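Just so you know, residue 1 is the first one in the sequence shown, and it goes up from there. These figures come from a predicted structure and were not determined experimentally.
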Amino acid sequence: MSYKPVRGLEFKAVQAMMFAGIYREGLRLYQHPVKAFRALQALQKHGAQVLAGQKLSKGFKISGKYGWDMFHPLWPSPAFRKFFYHHLEEVYPSGKNTGVLRRLLVAITKKCPLQCAHCSEWDTLNQKDILSREEYEEKIRAMIKYGVSQIVYSGGEPLNRFADLLYLIGKFDHTSQWIYTSGYGLTPEKAQQLRLAGLEGVAVSLDHHIPEEHNAFRGNTRSFSWVENAVKNCKEAGLFVSINICPGREYIVS
């Protein structure tokens, strides 16, 4: 699976086609060309505010689809269409009371091999998981009816429930699906299985470029090597990879 940066005229052409697709979703939502156009303008204005006035100038192509970050489904895809159908409703309400829930974060497990300095789950970490995969499936399916088109699996460390993770990804392969991970145990075989199940991308946590500093922050001497291997294995499997960083004060000012 190839990864290709997209810039210049190619990026502008892809961006124009994306906007054309979003406009078509507006026509479906508002049933009126002028309202659809105004909604597209409202969406573009919202995007400019989020980017603080900066303009997107590049993206990427992976497995025949295009994107520019981890927070929007790849285009073209059913998930992209559904995501922006509800995003239009959010920035330019149609009056139909359409649900605007677009992204769902699923903490699939409390188990984790790390002891991170910034962990918000200390009180429940490594306790027994309560919900079965079938119960997760039922709850996620209910959220999809409210508009969810992107699912992010987290924890704990979601790879601790690898079989259940594969099961759920396979059940919702029509959505954009990601995992937040430390890279723990993410072998080439697991990366390939995740892609074949329908996973779109992997966000790997890396908090310092110096291995010892990262390991100290994560409370495990092997954490940095997990990150290195996970990034390599995911890229080779054709998964979109991003880096999540939680920098300390010293790292920011140094």
> Around atom NZ of Lys190, are there more than 12 heavy atoms of other residues, nucleotides or ligands at under 6.0 Å?
Replying inline: yes

> Crowded around Ile210 CD1? As in, over 12 foreign heavy atoms under 6.0 Å?
Replying inline: yes

>> Working note: His174 + Phe172, criterion side chain to side chain contact (heavy atoms under 4.5 Å, CB included); need CA distance, chi angles, decisive distance, verdict.
In response: CA-CA 5 Å; His174 57 289; Phe172 303 109; 4.1 Å; yes

> Between Tyr85 and Arg28, is there a cation-pi geometry (under 6.0 Å to ring centre, at most 45° from the normal)?
Replying inline: yes

> What do the steps show when you test Ile140 against Leu104 for side chain to side chain contact (heavy atoms under 4.5 Å, CB included), and what is the final call?
Replying inline: CA-CA 8 Å; Ile140 293 171; Leu104 181 66; 4.2 Å; yes

> Quick one: are Phe83 and Arg103 in side-chain contact, heavy atoms under 4.5 Å?
Replying inline: yes

> Atom CD of Glu212 and atom OG1 of Thr221: how far apart are they, to the nearest 0.5 Å?
Replying inline: 10.5 Å

>> Taking NZ in Lys111 as the centre, count heavy atoms belonging to other residues, nucleotides or ligands within less than 6.0 Å. Is the count above 12?
In response: yes

> Would you say Phe80 and Gln150 make side-chain contact, with heavy atoms under 4.5 Å?
Replying inline: no

>> Using the rule given for ring pair (Phe, Tyr, Trp, His ring centres under 6.0 Å), can you reason through Tyr3 versus Phe240, listing the C-alpha separation, both sets of side-chain angles and the distance that settles it, and then say yes or no?
In response: CA-CA 8 Å; Tyr3 171 90; Phe240 177 27; 7.1 Å; no

> Any side-chain heavy atom of Leu166 sitting closer than 4.5 Å to one from Gln193?
Replying inline: yes

> What's the shortest heavy-atom distance between Ile144 and Lys82, and which atoms?
Replying inline: O-NZ, 3.0 Å

>> Within the structure provided, determine whether Ile245 and Tyr251 are in side-chain contact (heavy-atom separation under 4.5 Å).
In response: yes

> Going through the distances and angles, do His86 and Glu90 end up as a side chain to side chain contact (heavy atoms under 4.5 Å, CB included)?
Replying inline: CA-CA 6 Å; His86 290 290; Glu90 186 177 4; over 6 Å; no

> Considering all heavy atoms of both residues, which atom of Tyr23 and which atom of Ala36 are nearest to each other, and what is their separation?
Replying inline: CE1-CB, 3.6 Å

>> Which heavy atom of Ile62 sits nearest to which heavy atom of Gly238, and what is that distance?
In response: CD1-O, 3.4 Å

>> Tell me if the CZ atom of Arg222 is crowded by more than 12 foreign heavy atoms within 6.0 Å.
In response: no

> His214 side chain to Asp207 main-chain N or O, any donor-acceptor pair under 3.5 Å?
Replying inline: yes

>> Can you tell me how far apart CZ (Arg161) and OH (Tyr167) are? Round to the nearest 0.5 Å.
In response: 12.0 Å

> Does the ring center of His46 lie less than 6.0 Å from the ring center of His87?
Replying inline: yes

> Is there a path from Trp226 to Leu159 through hydrophobic residues (I, L, V, M, F, W, Y) whose side chains come within less than 4.5 Å of each other?
Replying inline: no

> Ring centroid separation for His118 and Phe217, is it under 6.0 angstrom?
Replying inline: yes

> Would a 4.5 Å heavy-atom cut-off, applied to side chains only, mark Phe19 and Gln44 as touching?
Replying inline: yes

> Between Pro113 and Asn220, what is the shortest heavy-atom contact and its length?
Replying inline: O-ND2, 3.4 Å

>> Looking at Asp69 and His72, would you say the former's side chain and the latter's main chain have a donor-acceptor pair under 3.5 Å?
In response: yes

>> Just verifying a value: how many Å separate Trp68 CH2 and Leu56 CG, rounded to the nearest 0.5 Å?
In response: 7.5 Å

> Can you name the closest pair of heavy atoms from Gly198 and Gln177 and give their distance?
Replying inline: O-NE2, 4.2 Å

>> Check for me, please, whether Leu51 and Met18 land in the same ILVMFWY cluster - side-chain distances under 4.5 Å, paths through other members count.
In response: yes

> Going by an N to O cut-off under 4.0 Å, is there a salt bridge joining Arg141 and Glu137?
Replying inline: yes

> Taking all atoms of both residues into account, what is the closest heavy-atom pair of Met70 and Ser242, and its distance?
Replying inline: SD-OG, 3.3 Å

>> Determine whether the aromatic ring centres of residues Tyr66 and Phe11 are separated by less than 6.0 angstrom.
In response: no

> Given side chains that start at C-beta, do those of Tyr153 and Tyr180 come closer than 4.5 Å, heavy atoms only?
Replying inline: no

>> Rounded to the nearest 0.5 Å, what separates atom CH2 in Trp178 from atom CG in Leu194?
In response: 12.5 Å

> Do Arg195 side-chain atoms and Ala237 backbone N/O form a donor-acceptor pair below 3.5 Å?
Replying inline: yes

> Does one hydrophobic cluster hold both Leu196 and Leu74, with members joined at side-chain heavy-atom distances below 4.5 Å?
Replying inline: no

>> Working to the nearest 0.5 angstrom, can you tell me the gap between Asn215 CG and Ser223 OG?
In response: 5.5 Å

>> One pair to check against ring pair (Phe, Tyr, Trp, His ring centres under 6.0 Å): Tyr92 and Tyr30. What are the steps and the verdict?
In response: CA-CA 10 Å; Tyr92 194 82; Tyr30 303 103; 5.6 Å; yes

> Is there a path of hydrophobic side-chain contacts, each under 4.5 Å between heavy atoms of I, L, V, M, F, W or Y residues, that connects Val50 with Leu40?
Replying inline: no

>> Distance check, rounded to the nearest 0.5 Å: Ser57 atom OG versus Gln15 atom CD?
In response: 9.5 Å

>> With a 4.0 Å cut-off on N to O distance, would you call Lys65 and Glu200 a salt bridge?
In response: no

>> I'd like to check Leu29 versus Glu25 (side-chain heavy atoms, cut-off strictly below 4.5 Å). Are they in contact?
In response: no

> Looking at Leu131, Asp129, Leu165, which hits side chain to side chain contact (heavy atoms under 4.5 Å, CB included) with Ile108?
Replying inline: Leu165

>> Please enumerate all residues that pass side chain to side chain donor-acceptor pair (under 3.5 Å) together with Thr124, with sequence neighbours excluded.
In response: Glu121

>> Between Asn244 and Val204, is the side chain to side chain contact (heavy atoms under 4.5 Å, CB included) condition met? List the steps.
In response: CA-CA 6 Å; Asn244 279 347; Val204 186; over 6 Å; no

> Any side-chain heavy atom of Val34 within less than 4.5 Å of one from Arg38?
Replying inline: yes

> Do Gln127 side-chain atoms and Asp123 backbone N/O form a donor-acceptor pair below 3.5 Å?
Replying inline: yes

>> Would you say that more than 12 heavy atoms from the other residues, nucleotides or ligands in this model lie under 6.0 Å from the CZ of Phe224, or not?
In response: yes

> Does Glu10 come within less than 4.0 Å of Lys4, counting only side-chain N to carboxylate O?
Replying inline: yes

>> Tell me whether Leu114 shares a hydrophobic cluster with Leu206, the cluster being built from Ile, Leu, Val, Met, Phe, Trp, Tyr side chains joined at under 4.5 Å.
In response: no

>> Strictly distance-based, threshold 3.5 Å: is any side-chain N or O of Asn233 a donor or acceptor partner for the main-chain N or O of Leu186?
In response: yes

>> Could you check whether atom CZ of Phe162 has more than 12 heavy atoms from other residues, nucleotides or ligands sitting under 6.0 Å from it?
In response: yes

